[in-house]
Amino acid sequence: MLDINLLREDSQAVARALADKGDAKAVQETIGIVLMMDGKRRQVLQHTENLKAERNRSSEEIGKAKRRGEDAPEQMTRMREVSDHVKQLDADLKEMGAQILHLLQELPNLPHPSVPAGKSDADNVEVRRWGTPREFPFAPRPHEEVGEALGMLDMERAARIAKSRFAVMWGPLSRLSRALAQFMLDLHTREHGYTELWVPQMVSAETMLRTGQLPKFEDSLFKTVEADEGRTLYLIPTAEVPLSALHAGEMLTEATLPRRYTAFTPCYRREAGTYGKDMKGIFRNHQFDKVELVKIATPATAFDELESMVQNAQTVLERLALPYRVVERCIGDLGFSAEKGYDVEVWLPGQGKYREISSCSSYGAFGGRRGDIRYRPAGGGRPEFCATLNGSGLAVGRTIVAVLENYQEADGTVRIPEALGPYMAGIDRLTPRR
RNA sequence: GGAGAGGUGGCCGAGUCGGCCGAAGGCAGCCGCCUGCUAAGCGGUUACCCGGGCCAAAACCUGGGUCCAGGGUUCGAAUCCCUGCCUCUCCGCCA
């Protein structure tokens with residue numbers, strides 16, 4: 001959520017900055033309405049506060065009179081009217097405030113000036129590349145073929161017991177999944193300074209609102225059905241949701257910042273509107289595992305924290321010897337809440353492309369304001385909103401895809417990356433089961 | 001599932017028969033004094049949010065709101081009533 005003061009001070013600058021991020025006209029319009037309503041609300045607010053001041057004064061006088069043993073019937077009658085009036089005005093104010101808040105929440109974050117221009121992911125800017133894609137003496141196959149040939153990836157039975165876009169992994173492949181998650185968590189907690197958390201995988205509608213998932217992305221969430229409709233729980237689409245909601249409404253002390261959290265959870269996504277896209281295998285499924293990284297920092301350090309977070313994600317791929325590139329997302333591809341962000345894309349020989357395996361974003365104070373996470377500055381002074389960041393470190397499902405494709409051999413076997421040695425109980429190669 | 005207790009400032013905690021309570025006291029923080037260092041001690045100070053004034057901004061002044069949340073009673077609610085959420089204790093039950 002943007003700071004409304006930004007709009008009051010220079011709405012044109014905000015409108016210009018947001019022009020490329022969404023529907024420029026709609027944004028312009030929203031800003032106009034917000035300012036109009038804000039002005040009106042403040043007028044009513046002043047009026048109301050004057051009445052309240054009068055009421056407070058009067059009530060005090062009445063109190064004093066009563067203690068003297070006197071009575072003040074006329075005053076009480078008059079204040080009764082004032083009170084009724086105030087009640088009505090308060091209700092109006094509440095309504096106006098809610099509307100303004102609602103509109104404010106529809107405005108996306110301002111892109112940082114360093115973010116490259118552009119409309120879609122096609123305009124993202126490659127910032128670095130690591131590793132050399134392996135030369136195959138045969139045509140490398142896509143992961144679903146490799147997995148199915150191994151007899152370890154079973155999309156058919158998964159579709160039968162659930163529906164399409166679900167998977168069953170057998171034996172050593174299943175173990176590979178677990179090994180990858182374990183490896184990533186160990187890396188981030190032991191070497192990158194993150195604290196591992198175990199969090200709810202279902203959260204309240206309120207939490208979904210506070211983390212920006214609702215109302216916009218209702219279509220892409222799975223929700224549960226409960227007897228009490230008011231308490232519907234949603235399955236998390238990413239651990240970012242519970243992690244970034246963790247300190248909602250809290251006041252942190254600067255000395256404890258930045259907080260670096262990581263959590264391994266399944267993620268559930270409806271993937272509505274993606275029919276026909278990445279239909280094969282486990283690249284885009286309704287359920288997948290992910291190790292998530294979340295940071296809560298001071299706004300001043302947010303960009304440094306973003307850079308180190310990307311580095312943390314890269315390290316996972318480097319240890320697994322998987323070639324990747326990093327692109328900086330352009331304004332159009334930045335997303336609603338981000339002020340700056342990078343995607344890490346892993347090389348997939350089966351597709352002959354680099355594909356996203358991690359997305360790291362800095363939300364800045366926009367995230368802290370929306371989630372109401374503040375900190376008290378070290379030297380004292382007024383509380384400030386924290387900056388929030390998040391990134392994948394990494395999506396386990398897609399890492400499996402990358403391993404299957406990059407480590408496949410002509411004979412249909414798949415080698416296990418060396419870094420996973422300690423986690424695979426001596427298995428160094430996946431060989432077809434019979 | 002049954003019975004009871006409770007949710008107060010960064011933290012702990014007091015709030016009597018509704019008014020003099022944004023709230024005693026403590027801890028922690030900050031400023032100053034003192035002290036070879038440290039520890040201790042002494043004095044002062046510190047809630048948050050939103051308007052308005054002033055204004056480049058802060059400070060400051062001023063008004064309002066906030067004692068889990070939402071309603072209600074009342075001239076006036078941290079204090080009374082209702083609902084919800086959460087926590088704790090005891091009993092039962094299940095793992």
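Chain letters run A, B, ... following the sequence lines, proteins first and then strands; every chain starts at 1.
Taking the C1' atoms as reference points, B:C85 lies 30 Å from B:G26, given to the whole Å. With both ends at atom C1', the span from B:U62 to B:C54 equals 11 Å, rounded to whole Å. Spacing of C1' atoms, B:U46 relative to B:G22, comes out at 14 Å, to the nearest Å. Taking atom P in both B:G43 and B:C48, the straight-line distance is 25 Å, to the nearest Å. Distance noted for atom P between B:A40 and B:C82: 49 Å (whole Å). Nucleotides B:G7 and B:U16, compared at atom P, are 11 Å apart to the nearest Å. Spacing between B:G29 and B:C11 at atom P, rounded to whole Å, works out to 15 Å. The separation of B:C80 from B:A24, taken at their C1' atoms, amounts to 23 Å, rounded to a whole angstrom.
If you check B:C27 for Watson-Crick or wobble pairing at under 3.5 angstrom, you find it paired to B:G10. Nucleotide B:U87 has B:A5 as its partner under the Watson-Crick or G-U criteria, with both atom distances under 3.5 Å. The partner of B:A47, taking Watson-Crick or G-U wobble pairs whose two distances both stay under 3.5 Å, is B:U66. Base pairing annotation: B:C37 forms no Watson-Crick or G-U wobble pair, as no partner gives both donor-acceptor distances under 3.5 Å. Under the Watson-Crick or G-U wobble criterion, with both distances below 3.5 Å, B:C54 has no partner in any strand shown. Across all strands shown, B:G18 has no partner, as no Watson-Crick or G-U wobble contact with both distances under 3.5 Å is found.
Heavy atoms from other residues, nucleotides or ligands lying under 6.0 Å from CD of A:Glu418 number 12 at most. For A:Glu60, the CD atom sits in a loose shell: 12 or fewer heavy atoms of surrounding residues, nucleotides or ligands are nearer than 6.0 Å.
No side-chain donor from either of A:Gln201 and A:Thr265 sits under 3.5 Å from a side-chain acceptor of the other. Side-chain contact of A:Tyr261 with A:Glu292: a donor-acceptor pair under 3.5 Å is absent, judged by distance alone. Side-chain N/O atoms of A:Asn109 and A:Ser337 include no donor and acceptor closer than 3.5 Å.
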For this session: Would you please test A:Thr262 and A:Met184 for side-chain contact (heavy atoms from CB on, under 4.5 Å) and show each step?
Result: CA-CA 10 Å; A:Thr262 183; A:Met184 292 176 197; over 6 Å; no

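Between A:Phe166 and A:His286, the ring-plane angle classifies as tilted under the 30° and 60° cut-offs.
For A:Ser83, taking side-chain heavy atoms from C-beta onward, the closest of the listed nucleotides B:G51, B:G19, B:G76 is B:G76.
When the P atom of B:C48 is taken as reference, atom CD1 of A:Ile373 falls 19 Å away, rounded to whole Å. Here B:C49 presents its P atom at 20 Å from CG of A:Asp90, a figure rounded to the nearest Å. Rounded to whole Å, atom C1' of B:C48 lies 17 Å from atom OH of A:Tyr375. Rounded to an integer number of Å, the gap from A:Ile100 CD1 to B:G51 P is 10 Å. When the P atom of B:C11 is taken as reference, atom CG of A:Leu252 falls 11 Å away, rounded to whole Å. Atom pair A:Arg376:CZ and B:A28:P shows a separation of 17 Å (rounding to whole Å applied). Distance, A:Met96 CE to B:G51 P: 14 Å, rounded to whole Å. The distance between atom CD of A:Glu60 and atom P of B:A77, rounded to the nearest whole Å, is 13 Å.
Within 4.0 Å (heavy atoms only), A:Lys64 reaches no atom of the nucleic acid at all. Note on A:Met76: a base of the nucleic acid sits closer than 4.0 angstrom, heavy atoms only.
Both A:Gly63 and A:Thr253 lie close to RNA chain B; mapped to their nearest nucleotides by heavy-atom distance, the more 5′-ward contact belongs to A:Thr253. Residue whose closest nucleotide on RNA chain B sits further toward the 5' end, between A:Pro383 and A:Gln75: A:Pro383.
Taking side-chain N and O atoms only, A:Arg374 has no distance below 4.0 Å to OP1 or OP2 of B:G10. Dashed line: the shortest gap from a side-chain N or O of A:Arg8 to OP1 or OP2 of B:G51 is under 4.0 Å. Neither OP1 nor OP2 of B:C75 sits under 4.0 Å from any side-chain N or O of A:Lys87. Distances shorter than 4.0 Å separate some side-chain N or O of A:Lys94 from OP1 or OP2 on B:G71.
Taking a cutoff of 4.0 Å between a charged side-chain nitrogen and a carboxylate oxygen, A:Glu305 and A:Lys295 qualify as a salt bridge.
Contacts of residues 40-57 of chain A with RNA chain B (heavy atom under 4.0 Å): A:Arg41, A:Arg42, A:Leu45, A:Gln46, A:Glu49, A:Lys52, A:Ala53, A:Arg55, A:Asn56.
The side chain to side chain contact (heavy atoms under 4.5 Å, CB included) test with A:Leu334 singles out one residue from A:Pro108, A:Pro116, A:Ser361, A:Pro111, and that residue is A:Pro111.
Closest heavy-atom contact between A:Tyr375 and A:Phe385: CE2-O, 3.6 Å.
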